[in-house]
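The block underneath contains the structure these notes are about, expressed in structure tokens.
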Amino acid sequence: MLKTILRHGCRLRSVVNMRLSAPLCNNIHTLTPSNVQANGQIWPHVFVSRRTRMLDQFVKDAGQMRTPPPLTPRDIESRVLRICNEYDKIQEANKNKITLETHFMNDLGLDSLDHVEIIVALENEFGFEIPDADYDKLYTVGNVVDYLIKKMNVTDRPKTTVSSAPDPRYDDHHH
Amino acid sequence: MTNNLTRSRVLQLYKRLIKLSHTWQAVDHPAKTAEERLYIRNETRSLFRKNKHVENANELEEHIREGEARVELACHYKNPYPRLVNLPTYSLPPSHNRIRYKSEYEVEDMSRPIYLKSYEIKEETSDNEEPSKT
């Protein structure tokens with residue numbers, strides 16, 4: 001609702017923030033005659049369209065803050081790798097070489113206490129509790145990613161959302 | 001022999017402490033929240049690693065009790081630091097000038113509370129140095 005008001009409002013009101021210098025005003029007269037509105041004012045079409053685009057982008061960004069983008073498996077994988085890299089017990093040499101096949105205990109030399117710490121960090125990141133019975137399954141990075149995908153029901157293609165907005169740019173969020 | 005039950009108890013205790021270190025709020029000195037969180041995290045890490053090789057079942061049980069006691073005390077008094085205790089009555093501090101008999105060691109072990117179990121008293125090496133607790 002707010003975005004429709006903004007969208008229509010910025011087209012009707014004059015652009016008061018834009019200060020046009022005198023030579024620029026003279027040059028605008030040379031633009032296409034479609035710039036001239038009914039009341040004779042020269043409406044600098046190029047400035048208006050840029051400001052509209054900026055406002056539309058702001059509205060779109062604000063709307064996207066309400067619903068986060070849907071998760072993809074690659075997204076989960078990158079977050080898991082980032083958390084593993086941030087863990088301070090891992091040696092510097094191994095830091096950026098963590099792949100899906102690295103085993104926490106065999107390859108990185110961590111012990112079960114470090115494993116618990118990593119899982120607690122993952123719980124904080126993804127926001128849900130991992131029960132103790134599942135710790136045995138989570139000894140490699142690949143297993144962790146698969147477990148998270150299964151738990152969060154992440155599919156490859158994000159579901160298409162139904163919205164009432166006629167503009168396909170605003171289909172990412174709902175009112 | 002660490003069977004799976006004690007192992008899972010230890011790991012649950014560790015997990016509880018790590019989560020405590022993330023959500024700890026210092027009540028007495030609010031400016032020291034970060035410092036106390038760091039203290040909790042480092043204490044759990046160092047003490048758990050120091051006692052990692054304990055094999056005796058009774059000792060293990062007592063160490064688990066120690067961890068749980070410290071967690072409960074910290075949550076109740078809102079103070080993560082352990083309350084240190086003095087020597088028991090009618091006993092002298094260890095020094096290199098004096099022979100300590102076995103009974104004296106036993107009395108001292110019995111008098112120390114459970115939550116200070118992992119802490120050691122270093123013997124004095126000279127008269128000028130004070131005994132330090134690690």
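Computed from heavy atoms alone, side chains included, the values below leave out hydrogens, waters and symmetry copies. Every value quoted in this text rests on a predicted model; they were computed, and no experiment measured them. Lettering follows sequence order; numbering is per chain, from 1.
Residue Y81(B) places its OH atom among more than 12 non-hydrogen atoms of other residues, nucleotides or ligands, all under 6.0 Å distant. Around atom CZ of R74(A), no more than 12 heavy atoms belonging to other residues, nucleotides or ligands sit under 6.0 Å away. Dense packing is recorded around CZ of F128(A), with more than 12 heavy atoms of other residues, nucleotides or ligands lying under 6.0 Å away.
Residues L11(B) and S112(A) have side chains in contact (heavy-atom distance under 4.5 Å, counting atoms from C-beta outward).
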Checklist line | Audit row: K52(B), D111(A), side chain to side chain contact (heavy atoms under 4.5 Å, CB included) steps and yes/no | finding: CA-CA 10 Å; K52(B) 206 161 68 156; D111(A) 62 354; 2.9 Å; yes

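One distance of note links CG of L113(A) with CD1 of I18(B); it measures 8.5 Å at 0.5 Å rounding.
With respect to the salt-bridge test (charged N to carboxylate O, under 4.0 angstrom), the residues K15(B) and E117(A) do not qualify. Salt bridge D114(A)/R45(B): absent, no basic N to carboxylate O contact under 4.0 Å.
Both M152(A) and I130(A) are members of a single hydrophobic cluster when ILVMFWY side chains are connected at heavy-atom separations under 4.5 Å. Grouping the Ile, Leu, Val, Met, Phe, Trp and Tyr side chains by contacts below 4.5 angstrom, directly or via other members, places Y119(B) with Y77(B).
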